[in-house]
There are 2 protein chains.
Amino acid sequence: MRAAHLDATFAALADPTRRAILARLATGEANVTELARPFEMSQPAISKHLKVLELAGLISRSRDAQSRPCRIEARRLKEAAEWMERYRSLWNERFDRLDGLLEEMKTKEKKNARKA
Amino acid sequence: MRAAHLDATFAALADPTRRAILARLATGEANVTELARPFEMSQPAISKHLKVLELAGLISRSRDAQSRPCRIEARRLKEAAEWMERYRSLWNERFDRLDGLLEEMKTKEKKNARKA
DNA sequence: TCGTTCGATAACTGATAGGTTATGTAACGC
DNA sequence: GCGTTACATAACCTATCAGTTATCGAACGA
């Protein structure tokens, strides 16, 4: 998982329109017109968002007559999620308790050191 | 979890310098000078990155004499990870098999409908 | 009190993002 | 062939980003 991939993935996810497009595509393929419909935004604007998503590898596009069906691609999302996993322990309650325990042990150590 | 939070979180994570800073802070608190050291970048540039991280709620800062120790904050990271969870099924192999199974069932249903 | 260290802020620059309107292009339906 | 539909591309605008240098401010240490 190269840094440039994470750059592009997170940058793509930083826009609410693009997240909404992904949410829509999670329910199945859709073409550009269908994807544009819910937004008060010009069609070229949506095309730009799709290009960002495609360059980030978050979607792929095929061709069906005049239509360009878009499909969500899991890979980069998975990589980003794996990157976040590194931080799971930060909000994991069990770790928090372990952390507290370690803190406690350190304190006791100091007390013992002082006693000795 | 409001959209604006996700916007700020993902935008903050889209920069490799900021991700490196978070990685460093995951190992414990550090002040600005310590955080700046590994980078070939001016101190004001690091201060700007820290401000982005702070505004996104990914870090917090306290005060210790002239020093401003930074600490990583789990909450927004957790929210972002939870957002990504919605897509886990996309890359989960078991789900893929389940998906195939559902597809198969739908096909059979149609066949049965035709039969009936 | 005076120099030093830590860090923030200001002012500037070039690049990029996100939107617009206008136009181009490819495939379809008739 | 010809209009229509679906989408991409171009040109443009404004705002924001990521970096710079220069400067300021606050707190420490002698």
Side-chain angles (χ1 to χ4, degrees), chain A residues 3-25 28-73 76 80, chain B residues 3-25 28-72 76:
Chain A
H5 286 163
L6 287 176
D7 289 8
T9 300
F10 285 131
L13 295 180
D15 185 282
T17 302
R18 289 193 290 262
R19 287 199 306 276
I21 289 174
L22 286 180
R24 165 67 188 80
L25 290 178
E29 287 194 9
N31 65 33
V32 178
T33 308
E34 288 162 1
L35 290 173
R37 193 140 40 220
F39 301 101
E40 290 180 345
M41 201 181 293
S42 65
Q43 168 261 316
I46 299 295
S47 279
K48 278 197 186 185
H49 282 304
L50 292 175
K51 178 171 267 181
V52 171
L53 289 168
E54 189 177 24
L55 287 176
L58 289 165
I59 67 169
S60 63
R61 287 190 271 190
S62 49
R63 176 161 266 275
D64 172 20
Q66 319 99 304
S67 172
R68 309 293 310 273
C70 301
R71 185 209 300 198
I72 193 168
E73 292 290 337
R76 302 280 182 242
Chain B
H5 286 164
L6 287 176
D7 289 9
T9 300
F10 285 131
L13 294 180
D15 184 282
T17 302
R18 289 193 290 262
R19 288 198 306 276
I21 289 173
L22 285 180
R24 164 66 187 82
L25 290 177
E29 287 194 8
N31 65 33
V32 178
T33 308
E34 286 161 2
L35 290 173
R37 194 141 38 222
F39 301 101
E40 291 181 343
M41 200 180 294
S42 65
Q43 169 262 315
I46 299 295
S47 279
K48 279 196 184 181
H49 282 304
L50 292 174
K51 179 171 266 179
V52 171
L53 289 167
E54 188 177 23
L55 288 175
L58 289 166
I59 68 169
S60 64
R61 286 189 271 191
S62 50
R63 177 161 265 276
D64 173 20
Q66 317 100 305
S67 171
R68 308 293 310 273
C70 301
R71 184 208 303 197
I72 194 168
R76 301 282 183 241

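- Contact of A:Gln43 with D:dA6 (side chain to base): no donor-acceptor pair of N or O atoms is detected under 3.5 Å.
- Following rounding to the nearest Å, B:Asp7 (CG) and C:dA17 (P) show an atom-to-atom distance of 16 Å.
- Taking only side-chain nitrogens and oxygens, B:Ser47 never comes nearer than 4.0 Å to OP1 or OP2 of C:dG7.
- The nucleotide whose nearest atom lies closest to any side-chain atom of B:His49 is, among C:dG19, D:dA18, C:dT9, D:dA18.
- Residue B:Ile21 contributes atom CD1, which lies 14 Å from atom C1' of C:dG7 at whole-angstrom precision.
- The minimum heavy-atom distance linking A:Ala12 with A:Ala56 is given by the pair CB-CB, 4.0 Å.
- Distance, B:Met41 CE to C:dG7 P: 17 Å, rounded to whole Å.
- Among the nucleotides D:dC7, C:dT5, D:dA11, the one closest to any side-chain atom of B:Gln66 is C:dT5.
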- prompt: For A:Phe10 and B:Arg19, what are the C-alpha separation, side-chain angles and deciding distance, and is it a side chain to side chain contact (heavy atoms under 4.5 Å, CB included)?
  reply: CA-CA 11 Å; A:Phe10 285 131; B:Arg19 288 198 306 276; 4.1 Å; yes
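- The distance from atom CG of B:Asp64 to atom C1' of D:dA27 is 11 Å, rounded to the nearest whole Å.
- For B:Val32, the side-chain atoms get nearest to C:dG7 when compared with the rest of C:dG7, C:dA22, D:dA22.
- Comparing D:dC7, D:dT21, C:dG18 by their nearest atom to the side chain of A:Arg68 picks out D:dC7.
- The CZ atom of B:Arg61 sits 5 Å away from the P atom of C:dA8 (whole-angstrom rounding).
- Regarding A:Asn31, its CG atom lies at a distance of 14 Å from the C1' atom of C:dC28, rounded to whole Å.
- Residue A:Ala65 is in sugar-phosphate contact alone, with no base atom involved, counting any heavy-atom pair closer than 4.0 Å across all strands shown.
- Both A:Pro44 and A:Ala14 lie close to DNA chain C; mapped to their nearest nucleotides by heavy-atom distance, the more 5′-ward contact belongs to A:Ala14.
- A:Leu55 has its CG atom 11 Å from the P atom of D:dT9, to the nearest Å.
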Working for side chain to side chain contact (heavy atoms under 4.5 Å, CB included), residues A:Leu25 and A:Leu35: CA-CA 8 Å; A:Leu25 290 178; A:Leu35 290 173; 3.8 Å; yes
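- The backbone N or O of A:Ala65 lies less than 3.5 Å from a partner atom in the side chain of A:Arg63, making a donor-acceptor pair.
- When each of B:Leu53, B:Leu22, B:Ile21 is tested with B:Ile72 by the rule side chain to side chain contact (heavy atoms under 4.5 Å, CB included), just one qualifies, namely B:Leu22.
- Residue contacts shown for B:Ser67 are limited to sugar-phosphate atoms, with no base heavy atom under 4.0 Å away.
- Residue A:Arg63 places its side chain closer to C:dA27 than to any other of D:dA18, C:dA27, D:dT20.
- Rounding to whole angstrom units, CG of residue B:Asp15 and P of D:dC17 are separated by 12 Å.
- An OP1 or OP2 oxygen of C:dT20 is reached within less than 4.0 angstrom by no side-chain nitrogen or oxygen of A:Lys48.
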